**Student:** 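Next up is a structure, given as structure tokens.
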Protein chains: 2
Amino acid sequence: MSSQPTPPADDVAAERAFLATYDAAAFPHPSVTVDVATMTTFDGALHALLVRRSDHPAKGRWALPGGFVGIEESLDGAAERVLRTKAGLGGIFLEQLYTFGAVERDPRTRVISVGYYALVEASRLTAAKPDVGETVLARIDVPWTGESGGPVRALDEAGRELPLAFDHAEILGLVVQRMRGKIDYAPLGFQLLPERFTLRQLQQAHEAILDRSLNKDSFRRSIITRGLVAATGETEKDVPYRPAELYRYAQAENG
Amino acid sequence: MSSQPTPPADDVAAERAFLATYDAAAFPHPSVTVDVATMTTFDGALHALLVRRSDHPAKGRWALPGGFVGIEESLDGAAERVLRTKAGLGGIFLEQLYTFGAVERDPRTRVISVGYYALVEASRLTAAKPDVGETVLARIDVPWTGESGGPVRALDEAGRELPLAFDHAEILGLVVQRMRGKIDYAPLGFQLLPERFTLRQLQQAHEAILDRSLNKDSFRRSIITRGLVAATGETEKDVPYRPAELYRYAQAENG
DNA sequence: TCTGCATATATGCTTCAAGCATCGAAGCGT
DNA sequence: ACGCTTCGATGCTTGAAGCATATATGCAGA
């Protein structure tokens, strides 16, 4: 805030003197990690990237990619680093979710975890090659119950439930809840689609997030009248029915 | 999550052995604090409790009450403790807001701050006696601009702008933004009023949060038809006009 | 080539909530 | 008794969403 008045010069000197003697390591601190839920949609459902833990604690269980926050690294920077190094992804939507601070959430020691979630189109996520052992794109099943979704389950392609490490089921539940609360007014759906998409694809992304079907005409009208999309004039190709027009995201030009 | 399968017995033994040798203090950690914005409404505006910093850094500036998170204390517990010890308040609405993790946000050392906000009725806040030096109930001015509010200013009763420490202006801006986004569907307004209140008082609380006037009839209809309030049969007293009926909050009974 | 099919896209009707104006009701003060 | 202020109800209008219907378009198969 550059509009704030500058303190008197002698206060500045006193502050400098204080800082020179401050001992940051004088008392025990909780550790801080970031955990990143990378979400995408396909087959009409939300999916998240999970990695199988190769070490204790929770060895063998499935977890969100995460890492400790460096001493000279911002939280956002740490989340970007985890996303880049553990999921092989960069330049995508990434937003802080919530911070989880229960004392016993990690059995090793006191760990506070700042949860993030990222959104990416499915083709980029399946093409990305994470360099961290065994991974899976798990279907995240959180039944629609109006407000705060139902129980959280992570399923593999065969429908088997994957056991999650730590409190990561809780984190994923909050990710889904946040996405459901936000998609009505924030352009989350576009982050899950390629640059050009049909309105049907956009609706399917919304339906996957919400876990409920939407009225087709109302959806189209709402998206178009709000000026969220612009027609490209092109149509989809190689479909066995009438091709739909391709649209692109048009960042709200209101006036 | 008790529904998860139990790992095999030998894995449990291996995990115990691992934990016995884990050294939590082996690498440098950022410190973690909580900062609590205690909000109330009166005179048609939002107000926040601020304390004047008596020590460096930022000596003399106004700050949100805060404190370091203990090694065996949850984040929510730390926020409750700060609220109790530094504002003299307990048993009120308290919710996590966002976590601020820029590297240079505190000049002492690396400090990550988990922001919380609390809501309380004005009479309880003015009656509470914080035991931490000089305090002020600052009017928080964030102009309504539709989406993400305007510039954040903290003003004393005379309208003078109070200089804020660290990134606390940013935190307060996010508090207001969160409250504005949430009040349409969450019962925030009731937290700012006594148990029994008139619909006019509730509307004034909403208007103070939003910094804009609301249509009286639409507001009444919306609140009543959503079943958010129940009439008590009593009316307000000692008013120089027709007394309005007193209502109380009725936690959404939908069926 | 013609026909059927699946989907896209446009149009109209109904329902419901919000904005807005009007009007009577209920207390208090002069 | 009268006027003032606010409460609280009623009705009208507008706009968005749900729903149904009708037409358009491209492909596949007879």
Side-chain angles (χ1 to χ4, degrees), chain A residues 43-44 144 146 180-181 183-187 189 193-194 196-248 250 252 254-255, chain B residues 43-44 144 146 180-181 183-187 189 193-194 196-207 209-248 250 252 254:
Chain A
D43 291 351
W144 168 265
R180 285 178 182 168
I183 193 161
D184 281 339
Y185 64 91
L193 297 173
R196 281 191 272 253
F197 52 86
T198 67
L199 292 180
R200 156 167 287 263
Q201 286 176 301
L202 183 60
Q203 179 170 354
Q204 285 173 338
H206 280 238
E207 291 176 338
I209 292 172
L210 294 172
D211 191 42
R212 70 189 184 93
S213 58
L214 300 173
N215 182 278
K216 177 180 163 182
D217 303 282
S218 299
F219 182 80
R220 293 171 58 87
R221 256 186 317 203
S222 170
I223 296 293
I224 292 174
T225 61
R226 281 192 287 168
L228 292 180
V229 295
T232 64
E234 302 172 68
T235 58
E236 56 181 344
K237 301 194 188 310
D238 297 327
V239 290
Y241 46 81
R242 171 179 172 180
E245 183 155 19
L246 291 171
Y247 290 79
R248 60 177 175 78
N254 44 7
Chain B
D43 290 349
W144 167 265
R180 285 178 182 167
I183 193 161
D184 281 338
Y185 63 91
L193 297 173
R196 281 191 270 254
F197 52 87
T198 67
L199 293 181
R200 157 168 285 264
Q201 286 176 301
L202 183 61
Q203 178 172 353
Q204 285 173 339
H206 281 239
E207 291 177 337
I209 292 172
L210 294 172
D211 191 40
R212 69 190 184 94
S213 59
L214 300 173
N215 181 276
K216 175 182 162 183
D217 305 281
S218 299
F219 182 80
R220 294 172 57 87
R221 257 185 317 201
S222 171
I223 296 293
I224 292 173
T225 60
R226 281 192 287 168
L228 292 180
V229 296
T232 64
E234 301 172 69
T235 58
E236 56 181 343
K237 300 195 188 310
D238 296 326
V239 289
Y241 45 81
R242 171 180 173 182
E245 181 155 19
L246 291 171
Y247 290 79
R248 59 177 175 76
N254 44 8

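Since the model is a prediction, treat every value here as computed from it, not as a measurement. Here is how names work: the chains are called A, B, and so on, in the same order as the sequence lines, proteins then strands, and each is numbered from 1.
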**Student:** To the nearest Å, give me how far apart CZ (A:Arg220) and P (C:dA10) are.
**Tutor:** 6 Å

**Student:** How many whole angstroms separate atom CD of A:Glu245 from atom C1' of C:dT9?
**Tutor:** 10 Å

**Student:** Just by modelled atom types, is the B:Ala244 backbone N or O under 3.5 Å from a matching donor or acceptor in the B:Glu236 side chain?
**Tutor:** yes

**Student:** Please work out if A:Lys237 contacts a base, only the sugar-phosphate, or nothing of the nucleic acid, heavy-atom cut-off 4.0 Å.
**Tutor:** nothing

**Student:** Should A:Lys216 be listed as having a side-chain N or O under 4.0 Å from OP1 or OP2 of C:dA8?
**Tutor:** yes

**Student:** Do you know which two heavy atoms are closest between B:Gln201 and B:Thr198, and how far apart they sit?
**Tutor:** OE1-N, 2.9 Å

**Student:** Once each nucleotide of nucleotides 23-30 of chain C is scored for protein heavy atoms under 4.0 Å, what B/S/- sequence comes out, 5' to 3'?
**Tutor:** -BBBSS--

**Student:** Please name all residues satisfying salt bridge (charged side-chain N to carboxylate O under 4.0 Å, His left out) with B:Arg248, sequence neighbours left out, ordered by chain then number.
**Tutor:** none

**Student:** Which nucleotide in the list C:dT9, D:dA17, D:dT6 gets nearest to the side chain of A:Ala244?
**Tutor:** C:dT9

**Student:** Nearest whole Å is fine: how far is C:dA8 P from A:Ile223 CD1?
**Tutor:** 15 Å

**Student:** Taking 4.0 angstrom as the limit, do B:Glu207 and B:Arg212 come out as a salt bridge?
**Tutor:** no

**Student:** Figure out the CD/C1' separation between A:Glu234 and C:dA8, and round it to whole Å.
**Tutor:** 17 Å

**Student:** Check nucleotides 19-21 of chain D against the protein and report each pair of N or O atoms closer than 3.5 Å, with its distance, or say if there are none.
**Tutor:**
none

**Student:** Would you check if B:Ile223 and B:Arg220 make a side-chain contact, meaning some heavy-atom pair closer than 4.5 Å?
**Tutor:** no

**Student:** What integer distance in Å separates A:Leu214:CG from D:dA16:P?
**Tutor:** 18 Å

**Student:** Could you state the atom-to-atom distance from CD of B:Gln203 to C1' of D:dG8 in whole Å?
**Tutor:** 13 Å

**Student:** Could you state the atom-to-atom distance from CD of B:Gln201 to C1' of D:dT6 in whole Å?
**Tutor:** 14 Å

**Student:** Ignoring hydrogens and angles, tell me if any N or O in the side chain of A:Gln203 forms a donor-acceptor pair with the backbone of A:Leu214 under 3.5 Å.
**Tutor:** yes

**Student:** Supply the atom-to-atom distance B:Ser222 OG to B:His206 NE2, rounded to the nearest 0.5 angstrom.
**Tutor:** 8.5 Å

**Student:** Got B:Tyr247 and B:Ile224 here, is their nearest side-chain heavy-atom distance under 4.5 Å?
**Tutor:** yes

**Student:** Between the main-chain N or O of B:Leu246 and the side-chain N or O of B:Thr232, is there a donor-acceptor pair closer than 3.5 Å?
**Tutor:** yes

**Student:** Send over the distance from B:Arg226 CZ to C:dA17 C1', rounded to a whole Å.
**Tutor:** 11 Å

